[in-house]
Number of protein chains: 2
Amino acid sequence: MQKRISIGRYLLKRLKSLGVDHIFGIPGDYVLRFYSLIEASEMIPIVTTREDSAGFAADAYARMKGLGAVCVTYCVGGLNVANPIAGAYAEKSPVVLISGAPGMKEREKNALLHHRVREFTTQKEIFDQLTVASTVLNDPLTAFQEIDRVLDMALRYKRPVYIELPRDMTDVESPYPHQLRPTQIISNSKALREALDEAVQMINRSRRPVILADVEIHRFGLQDALIKLVEKTQIPVVSTALGKSVISEVHPLYRGVYEGAVGDEKVRQGVENSDCLIMLGAFMTDINLGIFTARLDQARSIYATSEKILIRYHRFEEIVFEDFVRGLVHAPIRKRKAPKKSGSRKEELFKTQSKAPVCLKRFFQYLDTLLDEKMVVIADIGDSLFGALDLTIRKRTEFFSPAYYTSMGFSVPAALGAQLARPHLRPIVIVGDGAFQMTGLELSTMLRWKLNPIVLLLNNQGYGAERIIEQAEHSYNDIVNWKYHQIPNILGGGRGFFVQTEGELLRALENALADEKNFFLLNIQIGRKDHSPALARIGKRMFKKI
Amino acid sequence: MQKRISIGRYLLKRLKSLGVDHIFGIPGDYVLRFYSLIEASEMIPIVTTREDSAGFAADAYARMKGLGAVCVTYCVGGLNVANPIAGAYAEKSPVVLISGAPGMKEREKNALLHHRVREFTTQKEIFDQLTVASTVLNDPLTAFQEIDRVLDMALRYKRPVYIELPRDMTDVESPYPHQLRPTQIISNSKALREALDEAVQMINRSRRPVILADVEIHRFGLQDALIKLVEKTQIPVVSTALGKSVISEVHPLYRGVYEGAVGDEKVRQGVENSDCLIMLGAFMTDINLGIFTARLDQARSIYATSEKILIRYHRFEEIVFEDFVRGLVHAPIRKRKAPKKSGSRKEELFKTQSKAPVCLKRFFQYLDTLLDEKMVVIADIGDSLFGALDLTIRKRTEFFSPAYYTSMGFSVPAALGAQLARPHLRPIVIVGDGAFQMTGLELSTMLRWKLNPIVLLLNNQGYGAERIIEQAEHSYNDIVNWKYHQIPNILGGGRGFFVQTEGELLRALENALADEKNFFLLNIQIGRKDHSPALARIGKRMFKKI
């Protein structure tokens with residue numbers, strides 16, 4: 001016989017059972033009752049300085065752990081996470097947004113309660129646009145199965161869901177014993193066999209097959225399956241900006257990041273000249289595909305994602321993405337000769353020019369020599385991302401970035417979420433000064449929880465990427481040049497460095513790597529117009545569009 | 001014959017003609033073309049550190065100047081202003097949100113362009129919930145009249161509107177000469193006469209009439225009409241939290257802020273015992289009405305807003321709010337005997353106890369002695385607001401606060417908007433440490449534009465109001481104690497003070513008032529549990545609800 005349980009406690013119990021140990025957010029009066037439940041539970045409420053930071057942190061947590069949660073108050077809290085939730089939707093990150101709300105009793109007179117915008121349903125209607133499922137837990141008869149339903153949707157589609165908890169429902173118990181009924185979606189076995197047979201034939205007949213492995217391989221936990229497939233068949237593999245690090249970048253069959261004509265030319269040729277391109281879990285987005293310079297021939301492609309399975313021009317229904325990928329691993333695909341690794345990368349010693357000013361190109365080259373499997377690299381938008389695409393993510397170093405949705409200010413809060421999700425990984429944050437001004441003070445929360453990210457702030461005194469895209473100077477792309485390295489003084493912890501030369505960069509990074517007790521913030525001076533070769537190429541394409 | 005003009009230029013021209021000289025926001029690639037138009041125009045783009053700050057600044061600008069504008073890029077920018085726009089909607093502030101967007105040509109293939117969430121219409125659908133009118137300028141045949149239509153709606157309803165500008169439409173010109181056709185809504189003269197006649201009879205028959213003047217008097221520019229009405233009839237007047245400063249608080253007929261049972265008892269009695277309560281432009285919200293402790297008898301009320309005109313239990317249609325208010329001014333309402341001013345306030349000298357720690361009660365008493373007509377007081381949420389309600393706003397000192405929507409972090413960005421709108425007013429910002437951590441670094445932008453607010457940061461090391469409401473200590477209400485007074489060092493300008501005692505407060509404020517060249521940030525140490533009497537009363541009411 002099941003014990004009776006309240007709606008609030010059941011929600012926490014389900015989250016905990018799905019691996020969520022931390023909930024990000026800011027308390028407010030419509031959600032205080034639930035916050036006191038979190039505090040009394042085994043879970044830890046992580047209070048951020050702003051709600052959007054909580055959203056980004058929960059997104060990163062979800063990317064690392066499979067599910068994340070953010071908990072805020074009604075409207076003033078909820079609407080402040082609209083942007084991070086939209087980003088999680090766009091890039092497939094399963095974040096559970098829990099919003100407190102006026103109690104059902106309070107709503108009866110349709111009163112103008114504080115934080116209310118228009119109707120009591122306004123916030124839910126907004127998040128209907130930004131989530132795969134939403135619910136208002138306004139009835140104990142349905143609340144428990146509603147919790148199960150929306151959590152199931154988050155996990156199935158790897159996208160955010162919205163749960164609104166009217167405050168007077170938090171402690172209401174189920175009127176009947178609630179039983180969790182796990183749902184499972186299974187493939188139509190005949191459709192699956194037909195699709196696999198056709199894929200195998202097409203691959204086996206091809207002479208230059210290439211696998212393009214993207215973000216859903218990561219989200220659905222199929223990295224090991226991918227490695228098996230690659231090693232069993234000896235088919236070379238590339239990734240994309242969004243999928244970068246889905247496979248170790250020193251794997252002998254890994255060829256690099258595909259970005260159409262704005263990326264590496266050898267990678268481009270390999271992909272576009274392939275007579276059988278196997279795209280697994282890919283997003284066909286503009287940034288991922290080099291601002292539409294990709295020339296991918298659908299007649300020579302197999303395209304599998306959680307949303308659709310296409311072979312050439314026809315579509316298969318009722319096939320689960322994971323089943324298709326695992327099916328390929330066990331299918332009779334012929335093994336090829338191990339290809340020669342084209343120009344195997346040497347572990348060159350980076351020679352510091354100690355008095356030379358830091359330039360982006362050499363900064364990324366140097367950083368590349370430092371990465372190891374105890375780090376997670378998180379790149380913000382602009383050259384932080386474009387430059388980072390050339391990093392070699394070794395072993396199983398994790399890498400992520402909002403490479404499709406490209407919301408500035410993601411990286412510092414994301415480091416908070418990432419390190420709480422995986423405490424043994426040290427975040428290496430690459431962020432521009434514009435993005436840092438948006439959310440960088442979230443270092444405050446990292447200090448509170450004794451986390452130790454290394455923040456590499458590339459300071460070009462403005463929105464540098466826009467200067468390149470516009471091919472002109474505009475005062476609206478300049479920002480105030482803060483003494484970022486002094487921020488640890490304000491917060492009362494962490495260590496800051498002002499870095500102008502390569503020598504200073506080297507020393508600061510040596511300090512940072514040797515000291516695991518503190519967070520580090522390096523204010524790295526970059527020339528106003530310094531930029532990565534990738535940004536120059538992308539900028540040229542974008543200039544034509546603005 | 002009219003010259004042809006592009007969509008982008010026409011939008012700027014209309015905004016300028018309506019008094020908008022500054023546009024707040026952050027550039028991004030979908031809106032760069034329009035930003036370069038702003039830069040080339042007579043208007044000044046004010047780039048903030050974050051988009052939500054731009055939204056709050058535009059809201060404050062609109063409150064001071066009658067119209068404000070914020071300009072951001074698609075989704076990553078737009079969704080970050082969802083909360084400030086919701087606040088402007090809730091509190092009736094006419095903000096024009098301009099969002100760049102993918103070009104119409106780019107949309108043809110339904111591609112996954114960066115920043116896109118779900119559909120190209122997603123952002124517009126979200127803002128349909130948060131604005132009174134919205135439009136996508138996707139066709140030069142209709143774009144010009146659409147601009148006129150939504151601007152007209154913003155001015156008529158004093159609420160935000162949404163304008164989406166696909167980037168490839170910015171420079172497209174009108175195919176025909178466009179003529180602005182001003183619309184005017186006029187009252188039905190018979191309905192107006194009937195309502196005024198009945199109101200006059202009811203007022204003239206009453207013995208204890210009271211005017212409750214609220215925020216719409218301010219929004220519709222009716223302050224002078226209000227004073228005429230009050231002085232002509234000698235009827236006493238009260239305001240509300242949201243409407244505070246709608247009339248000079250040293251006016252002999254002003255009685256104070258009405259907040260139901262949580263406010264001043266004399267004011268409560270005066271309002272609730274009135275046999276004819278004339279509510280002009282009032283919002284019936286919970287915070288405004290003392291968490292529903294108001295006891296207002298509709299059978300003895302005249303209630304006029306831009307949304308409805310009610311006399312007792314019946315409603316009049318087709319009456320314009322301004323016409324009704326101005327009608328009252330000229331109506332034959334009898335003049336009463338000048339009431340005795342109950343216990344006329346003495347200008348007491350505030351005696352500093354120089355070694356005493358600062359407490360909230362005496363802080364507000366002291367601040368009260370400093371206010372003059374060259375200031376605008378902006379209060380953030382929590383005791384910054386509740387304490388400020390007891391300030392006497394003298395002469396025509398402006399005062400505002402998000403007293404209904406109560407979004408934390410409003411005040412510092414609002415000071416940016418307020419001072420750009422009225423450069424001769426110096427903002428006095430009252431803000432808690434929790435709210436300051438959200439948006440306080442916007443001082444950066446105020447430094448850039450050489451503004452000089454005095455920020456009074458009431459530091460109780462956490463979300464103090466929640467401690468009072470919960471009547472308990474919870475770690476989630478604590479935040480990291482920044483050395484806020486050192487922030488000027490980071491930004492490279494302004495002056496910071498660490499304030500523990502009344503003597504230090506006095507000296508810091510003397511410094512601030514004597515120096516008009518710098519912004520000032522006072523980090524004022526307040527006891528963890530210190531709070532205003534108003535918060536104690538409100539907290540007690542709220543505790544029952546959580």
Side-chain angles (χ1 to χ4, degrees), chain A residues 27 29 32-33 35-36 39 45 47 49-50 75-76 79-80 82-83 86 89-90 103 111-118 122 125-126 129-130 167 283-287 404-408 437-438 441 444 447-448 463 466 469-470 474 476-477 480 482-483 486-487 489-492 542 545-546, chain B residues 27 29 32-33 35-36 39 45 47 49-50 75-76 79-80 82-83 86 89-90 103 111-118 122 125-126 129-130 167 283-287 404-408 437-438 441 444 447-448 463 466 469-470 474 476-477 480 482-483 486-487 489-492 542 545-546:
Chain A
D29 65 328
L32 284 176
R33 184 76 204 101
Y35 257 85
S36 66
E39 197 185 53
V47 176
T49 66
R50 313 177 27 91
C75 289
V76 294
L79 295 178
N80 264 334
N83 182 53
Y89 184 93
L112 282 177
L113 297 176
H114 61 288
H115 301 343
R116 181 176 161 189
V117 186
R118 202 165 192 160
T122 296
E125 280 165 29
I126 285 171
Q129 304 283 339
L130 303 174
R167 58 179 167 181
F283 269 162
M284 298 288 98
T285 77
D286 62 342
I287 299 270
Y404 163 49
Y405 187 60
T406 50
S407 186
M408 277 172 69
Q437 287 197 2
M438 291 183 168
L441 272 292
S444 176
L447 175 67
R448 179 171 178 178
Y463 305 129
E466 292 180 2
I469 293 170
E470 292 195 86
H474 290 288
Y476 53 74
N477 288 327
V480 177
W482 297 0
K483 298 192 181 70
Q486 291 183 10
I487 285 176
N489 303 344
I490 303 281
L491 304 183
M542 283 189 154
K545 302 270 185 192
I546 61 170
Chain B
D29 65 328
L32 285 176
R33 184 77 204 99
Y35 257 85
S36 65
E39 197 184 52
V47 175
T49 66
R50 313 176 29 89
C75 289
V76 295
L79 295 177
N80 263 334
N83 182 53
Y89 185 92
L112 282 176
L113 298 176
H114 62 287
H115 301 342
R116 181 177 160 187
V117 187
R118 202 166 194 160
T122 297
E125 280 164 29
I126 285 171
Q129 304 283 339
L130 303 174
R167 58 180 168 181
F283 269 161
M284 298 289 97
T285 78
D286 62 342
I287 300 268
Y404 162 48
Y405 187 61
T406 51
S407 186
M408 276 172 70
Q437 287 197 3
M438 292 184 168
L441 272 292
S444 177
L447 176 66
R448 179 171 178 178
Y463 305 128
E466 291 180 4
I469 294 170
E470 292 197 86
H474 290 288
Y476 53 74
N477 287 329
V480 176
W482 296 1
K483 296 193 183 69
Q486 291 182 10
I487 285 176
N489 303 343
I490 302 281
L491 304 185
M542 283 188 153
K545 302 270 184 192
I546 61 168

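In what follows, chains are A, B, ... by sequence order, proteins preceding strands, each numbered from 1.
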message: Please classify the contact between Tyr463(B) and chain A as side chain, backbone, both or neither, with a heavy-atom cut-off of under 4.5 Å.
response: side chain
task: Tell me, for Glu39(B) versus chain A, whether the close heavy atoms (under 4.5 Å) come from the side chain, the backbone, both or neither.
output: side chain
query: Does any heavy atom of chain B fall under 4.5 Å from the side chain of Tyr405(A), the backbone, both, or neither of them?
result: both
message: Less than 4.5 Å to any heavy atom of chain B: does that hold for the side chain of Tyr476(A), its backbone, both, or neither?
response: both
So which of [options] has the largest heavy-atom pair count under 4.5 angstrom toward chain B?
{"options": "Lys483(A), Glu125(A), Arg50(A)", "answer": "Arg50(A)"}
{"options": "Arg116(A), Arg33(A), Arg167(A)", "answer": "Arg167(A)"}
{"options": "Leu491(A), Ile126(A), Leu447(A), Asn83(A)", "answer": "Asn83(A)"}
{"options": "Gly103(A), Ala90(A), Ala86(A), Gly492(A)", "answer": "Ala86(A)"}
{"options": "Ile469(A), Thr49(A), Val47(A)", "answer": "Thr49(A)"}

N/O donor-acceptor pair under 3.5 Å between Arg448(A) side chain and Val480(B) backbone: no
Non-hydrogen side-chain atoms of [X] and [Y] separated by less than 4.5 Å:
{"X": "Thr406(A)", "Y": "His115(B)", "value": "yes"}
{"X": "Val76(A)", "Y": "Met408(B)", "value": "no"}
{"X": "Gln486(A)", "Y": "Gln486(B)", "value": "no"}
{"X": "Asn489(B)", "Y": "Asn489(A)", "value": "no"}

Separation of [Y] [atom2] from [X] [atom1] (nearest 0.5 Å):
{"X": "Leu79(B)", "Y": "Leu79(A)", "atom1": "CG", "atom2": "CG", "result": "10.0 Å"}
{"X": "Ile487(A)", "Y": "Trp482(B)", "atom1": "CD1", "atom2": "CH2", "result": "8.5 Å"}
{"X": "Glu470(B)", "Y": "Ser36(A)", "atom1": "CD", "atom2": "OG", "result": "6.5 Å"}

message: Could you walk me through whether Leu32(A) and Glu466(B) satisfy the side chain to side chain contact (heavy atoms under 4.5 Å, CB included) test, starting with their C-alpha distance in whole Å, then the side-chain angles of each, then the deciding distance to 0.1 Å, before giving a yes or no?
response: CA-CA 8 Å; Leu32(A) 284 176; Glu466(B) 291 180 4; 3.6 Å; yes
